[in-house]
*Asks:* 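My structure is below; once you've seen it, I'll send some questions.
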Amino acid sequence: MTDVKLNAGAIDRMLRTTDSSEAVPPEEAVCQILSIKKIATSQPGAGDRYRVILSDGIHFAQAMLATQQKVLVESGQIDRNSVVRVTQYVANSVQQRRILILLGLEPLGAPLGERLGDPANWETAAANGGAGAAGGAANGGGSNGSTAGPAAANKAGGAAPSRTNSGNGGTKPLSRGPSMANGAPVYPIEGLSPYQNKWTIKARVTLKSDIKHWSNQRGEGKLFSVNLLDESGEIKATGFNDAVDRFYPLLQENKVYYISKARVNIAKKQFSNLNNEYEIAFENNTEIEECLDAADVPEVKYAFVQIDQLDGVEPNQTCDVIGIIDEIGDVAEIISKASQKPITKRELTLVDQSGMSVRLTLWGRTAEQFDQNLDKPVIAFKGVKVGDFGGRSLSMFSSSSMMVNPDIPEAHGLRGWYDSEGNQAAGNFKTFAGAGLGGLGAGGGAGGAAGSNKNERRTIAQAKEQGLGMSGDKPDYFNIRATVVYIKQEGLSYPACPSANCNKKVVMEDENSWRCEKCDTTYPAPQYRYILAANVADHTDGIWLSGFNEIGELLIGQTASELEAVKTESESNFVAALHRATNRSYMFNIRAKQDTFNDTTRVRYTVTKATPVDWSAAANELADDIKALM
DNA sequence: CCCCCCCC
């Protein structure tokens with residue numbers, strides 16, 4: 001082990017680097033990693049990062065591993081006591097401390113059994129004026145003469161990146177295009193921070209948003225944003241108002257640009273699904289120029305999660321997923337609960353080699369313009385939201401992107417797998433549905449392959465035994481096939497506001513005057529709406545179901561207003577109408593959720609959809625069950 | 001300086 005030599009003094013020189021001319025070349029930057037610590041980030045989808053302690057035998061200092069380098073740790077190529085060559089780095093001042101960001105590392109053999117030398121903490125040594133003289137202080141401008149070293153370096157207002165020209169593998173140097181007029185060095189995205197402003201990045205636009213207009217108490221305006229990528233990382237950049245006019249036409253997806261003189265802000269992580277602490281805002285003096293020599297800037301980077309691993313991703317995180325589109329749903333329109341506005345959606349079913357399927361929802365224009373004639377395409381999705389509906393589900397954000405049949409190895413692998421074997425299971429992959437019902441046993445798992453990944457079939461007895469709907473605030477969804485036994489007569493309907501989407505109860509002022517408080521309007525007549533309570537039974541048990549207007553109309557066969565008229569005319573005709581609705585069988589889609597009323601907590605079973613039983617399908621189902629038993 | 005991302 002004695003043949004390994006660290007470059008004594010390299011840590012001090014690297015931390016004091018403020019200009020590329022001072023950069024420590026890789027051949028003089030052999031250091032040892034004393035420890036590696038995983039830092040969990042709260043940022044959705046960001047994944048973990050690693051903080052390392054780096055030593056040159058004399059000093060040790062903290063350093064962050066660039067995101068792109070974390071594979072070195074995760075693959076075991078570097079570990080505690082590994083000796084590495086630093087092929088590219090940036091020295092940053094962050095919150096009064098000097099921090100190294102390691103953009104390129106080259107492992108030199110297996111980890112040693114021990115640490116080399118007796119390194120001292122660079123921060124302490126530098127603060128005491130004891131750090132070596134190599135490289136010199138960043139500047140002499142410190143007003144407090146007693147704090148040299150890192151404190152002085154902080155006052156430099158930011159360090160420039162190194163641009164080493166290592167030919168030793170690892171990260172390639174970032175080369176500067178000849179056409180860029182201003183003198184700032186090309187910076188890796190990973191090295192950007194709010195503490196420095198003289199930089200140029202050379203980055204590919206991987207996603208460009210539409211122009212969005214907003215209006216709120218603070219004012220109104222328009223904006224757009226792009227996702228930018230280089231070999232070190234990704235960052236989101238946003239242009240407001242004038243910047244929209246200047247840059248929206250210029251910036252094109254997949255092209256590469258030099259960007260400088262923009263502001264770096266702290267990213268609001270809750271709104272970002274990119275792996276970066278910061279984001280960029282284009283300003284009045286921002287310069288953007290297309291770069292035509294861009295072969296060294298990578299295309300979109302994916303970190304795919306296999307479908308069967310999605311249950312390891314927390315709901316509301318984002319991730320990248322690739323799969324064969326096994327089913328393409330039709331465009332449908334729903335009313336958003338939040339905005340009350342209609343919105344279009346389309347559902348895709350993705351499958352992969354894990355043998356599992358997951359549903360993914362497209363929204364708006366993406367849903368409408370999706371080419372439904374595609375024949376089992378491979379699609380790569382970036383930055384899609386993971387939800388827990390039906391166990392696990394996926395949903396596009398406006399910041400998500402999808403690429404149909406991308407030319408990447410994962411896509412070719414999927415194509416080969418699907419065409420040779422996957423297609424035989426088409427429409428019949430395993431789903432997460434069992435897990436979505438609390439993992440409560442029978443009927444989940446293998447049964448989930450039977451088709452519906454939305455709602456699992458249960459008998460009434462199973463639904464009760466399994467405690468569906470009893471898990472607290474989160475509802476469970478399931479289906480039962482059952483027969484109507486009795487419909488409760490009292491409170492079957494209420495007089496509702498006739499205006500569209502109001503449904504609020506109206507108060508009778510007189511025979512021809514019904515007042516809606518919500519709409520602040522009086523109407524000549526109400527529109528009655530059902531609030532159904534129906535007792536249904538299957539061969540295992542009985543249960544009370546709630547259902548609203550549409551369900552009532554289906555079960556009873558007339559509108560609530562019509563039935564109200566019947567009731568006014570003849571109580572016995574009313575009872576007869578309800579009696580006619582019994583002894584009919586339906587497939588009920590049910591949402592089960594706990595409900596507290598008058599201090600009593602019970603499970604409320606609400607019918608979200610009812611469909612008359614398709615007896616031929618039911619017979620086939622039975623035949624399959626019998627076959628499975630034999 | 002936006003920041004909503006929707007439904008079962």
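Letters go in sequence order (proteins before strands), and every chain restarts at 1.
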*Asks:* Specify the residues of residues 244-254 of chain A, ordered by number, for which at least one heavy atom lies under 4.0 angstrom from an atom of DNA chain B.
*Replies:*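 The stretch gives none, as no residue of it lies under 4.0 Å from the strand.
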
*Asks:* Could you encode protein contacts along nucleotides 1-7 of chain B as a string, one character per nucleotide from 5' to 3', using B for base contact, S for sugar-phosphate-only contact and - for no contact, with a heavy-atom cut-off of under 4.0 Å?
*Replies:* BBBBBBB

*Asks:* Could you list all the salt bridge (charged side-chain N to carboxylate O under 4.0 Å, His left out) pairs where at least one residue sits in residues 530-542 of chain A, not counting sequence neighbours?
*Replies:*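 Of all non-adjacent pairs touching residues 530-542 of chain A, those that pass salt bridge (charged side-chain N to carboxylate O under 4.0 Å, His left out) are A:Lys464-A:Asp541.
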
*Asks:* Please enumerate all residues that pass side chain to side chain donor-acceptor pair (under 3.5 Å) together with A:Ser354, with sequence neighbours excluded.
*Replies:*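 A:Asp352.
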
*Asks:* Can you sort out the partners of A:Glu410 under salt bridge (Lys or Arg N to Asp or Glu O under 4.0 Å), two or more places apart, ordered by chain and number?
*Replies:*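 Result, salt bridge (Lys or Arg N to Asp or Glu O under 4.0 Å) vs A:Glu410: none returned.
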
*Asks:* Partners of A:Ala425 by side chain to side chain contact (heavy atoms under 4.5 Å, CB included), sequence neighbours excluded?
*Replies:*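 With sequence neighbours excluded, A:Ala425 shows a side chain to side chain contact (heavy atoms under 4.5 Å, CB included) to A:Phe429, given in chain and number order.
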
*Asks:* If a pair satisfies salt bridge (charged side-chain N to carboxylate O under 4.0 Å, His left out) and one of its residues is in residues 364-378 of chain A, list it, with sequence neighbours excluded.
*Replies:*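 Checked against salt bridge (charged side-chain N to carboxylate O under 4.0 Å, His left out) - neighbours excluded - the pairs reaching residues 364-378 of chain A are A:Asp210-A:Arg365, A:Asp326-A:Lys376.
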
*Asks:* What residue pairs, at least two apart or across chains, pass salt bridge (charged side-chain N to carboxylate O under 4.0 Å, His left out) with a residue in residues 306-318 of chain A?
*Replies:*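 Output for this query is empty, none listed.
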
*Asks:* The criterion is salt bridge (Lys or Arg N to Asp or Glu O under 4.0 Å); which residues satisfy it with A:Arg346, sequence neighbours excluded?
*Replies:*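 Salt bridge (Lys or Arg N to Asp or Glu O under 4.0 Å) list for A:Arg346, sorted by chain: empty.
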
